[in-house]
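Just below is one structure, and these are the notes that go with it.
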Amino acid sequence: MSEKVDRRVRKTRTQLRMGLARLMQKKSIKEITVRELVEEVDINRSTFYLHYTDIYQMLESIENELMNEILETLRTHFPNPEKADISISFATELFHILSKNREICIALMGPNGDIAFVSRIEKLVAETVLPGLFHQFARDTQDQNYLYAFCLNGCVGLIKSWLSAENPESPEHMAALLHQTIFQKFL
């Protein structure tokens with residue numbers, strides 16, 4: 001069971017997260033200082049250090065929270081990866097997670113983002129969802145690898161485009177679009 005976090009702590013962490021997302025859209029994580037971040041969100045440095053040891057630990061914490069949320073969704077929808085099927089409910093939940101974390105996802109997937117984080121998500125999806133999805137379509141291992149790469153890159157591109165849209169469609173719309181695209185084009 002998750003522990004209940006004080007409202008003030010949640011508010012401070014949210015401010016820091018949003019500030020980091022704004023800064024990462026302008027510059028690389030290597031160029032962002034604690035001083036710059038706390039000025040961005042108008043809090044004291046000591047408050048930052050109550051929550052995180054440095055910018056890198058903060059980023060790692062944010063990424064781990066997102067990964068855990070995605071992992072939980074995967075576990076709920078794909079208890080058996082060999083019988084995986086991209087359900088609309090899974091895709092909808094995934095798009096809701098991305099929407100709820102829109103600003104930090106834009107930053108993480110943008111030019112100053114963390115490619116290692118994107119790779120972790122791609123690997124997770126490739127190991128959890130894609131084997132069951134393509135097991136009947138492509139018997140040849142190399143063909144499956146090509147399809148994985150095509151699908152993953154297409155999904156990442158679709159997500160990036162959706163996240164950066166000025167008036168993005170709903171998570172439900174995007175889930176239906178993704179589901180329709182995969183099943184009409186590949187299977």
query: Considering residues at least two apart in sequence or located in another chain, which fulfil the side-chain contact (heavy atoms from CB on, under 4.5 Å) criterion with Asp42?
result: none

- prompt: In Å, rounded to the nearest 0.5 Å, how long is the span from CG of Asn153 to NZ of Lys160?
  reply: 9.0 Å

task: Tell me, please, which residues at least two apart from Lys26 pass side chain to side chain donor-acceptor pair (under 3.5 Å).
output: none

query: Which pair of non-hydrogen atoms, one from Arg45 and one from Val38, has the smallest distance, and what is that distance?
result: CG-CG2, 3.8 Å

field: Non-hydrogen side-chain atoms of Phe117 and Leu66 separated by less than 4.5 Å
entry: yes

field: Partner residues of Glu31 under the salt bridge (charged side-chain N to carboxylate O under 4.0 Å, His left out) criterion, sequence neighbours left out
entry: none

What side-chain donor-acceptor pairs closer than 3.5 Å can you find for residues 101-113, not counting sequence neighbours?
unit_1	atom_1	unit_2	atom_2	d
Asn101	OD1	Arg17	NH2	2.6
Asn101	ND2	Ile97	O	2.8
Arg102	NE	Leu163	O	3.3
Arg102	NH2	Trp162	O	2.9
Arg102	NH2	Leu163	O	3.2
Glu103	OE1	Gln25	NE2	3.4
Asn112	ND2	Met24	O	3.2

message: Working to the nearest 0.5 angstrom, can you tell me the gap between Phe90 CZ and His179 NE2?
response: 11.5 Å

message: Please find the pair of heavy atoms, one from Pro168 and one from Ala165, that lie closest to each other, and give the distance.
response: CD-O, 3.5 Å

- prompt: Restricting to pairs with a member in residues 32-41, which pass salt bridge (charged side-chain N to carboxylate O under 4.0 Å, His left out), not counting sequence neighbours?
  reply: Arg22-Glu40, Lys27-Glu36, Arg35-Glu39

query: Is there side-chain contact between Ile29 and Asp114, with at least one heavy-atom pair below 4.5 Å?
result: no

message: So, taking the atom named CG in Asn64 and the one named CD in Gln57, what distance separates them when rounded to the nearest 0.5 Å?
response: 9.5 Å

- prompt: If you measure from CG on Leu178 to CG on Leu94, what distance do you get to the nearest 0.5 Å?
  reply: 8.5 Å

field: Interatomic spacing from CG in Leu74 to CD in Glu93 - rounded to 0.5 Å
entry: 10.0 Å

query: Is the backbone of Ser46 close enough, under 3.5 Å, to the side chain of Asn44 for a donor and an acceptor to pair up by distance?
result: no

- line: Taking every heavy atom of Ala175 against every heavy atom of Thr92, the minimum-distance pair comes out as CB-OG1, 3.2 Å

task: Considering non-hydrogen atoms only, spot the tightest contact between Leu124 and Ile70 and give its length.
output: CD2-CG2, 4.0 Å

- prompt: Taking the side chain as C-beta and beyond, is there a heavy-atom pair between Met58 and Ile62 under 4.5 Å?
  reply: yes

- request: Hey, could you give me each pair passing ring-ring contact (aromatic ring centres under 6.0 Å, His included) that has a residue in residues 21-62? Not counting sequence neighbours.
  value: Phe48-Tyr52

task: Measure from the side-chain N and O atoms of Ser161 to the backbone N and O of Leu158, and report whether any donor-acceptor pair falls under 3.5 Å.
output: no

query: Can you hop from Met18 to Leu37 via hydrophobic side chains spaced under 4.5 Å?
result: no

task: Calculate, to the nearest 0.5 Å, the distance between atoms CD and OG belonging to Glu172 and Ser99 respectively.
output: 9.0 Å

message: Run the side chain to side chain contact (heavy atoms under 4.5 Å, CB included) test on Ile121 and Met67 for me, step by step, so that the C-alpha distance in whole Å, both residues' side-chain angles and the decisive distance to 0.1 Å come before the verdict.
response: CA-CA 7 Å; Ile121 292 175; Met67 252 337 242; 3.6 Å; yes

message: Checking the side chain of Thr47 only, and the main-chain atoms of Ile43 only, is there a donor and an acceptor separated by less than 3.5 Å?
response: no

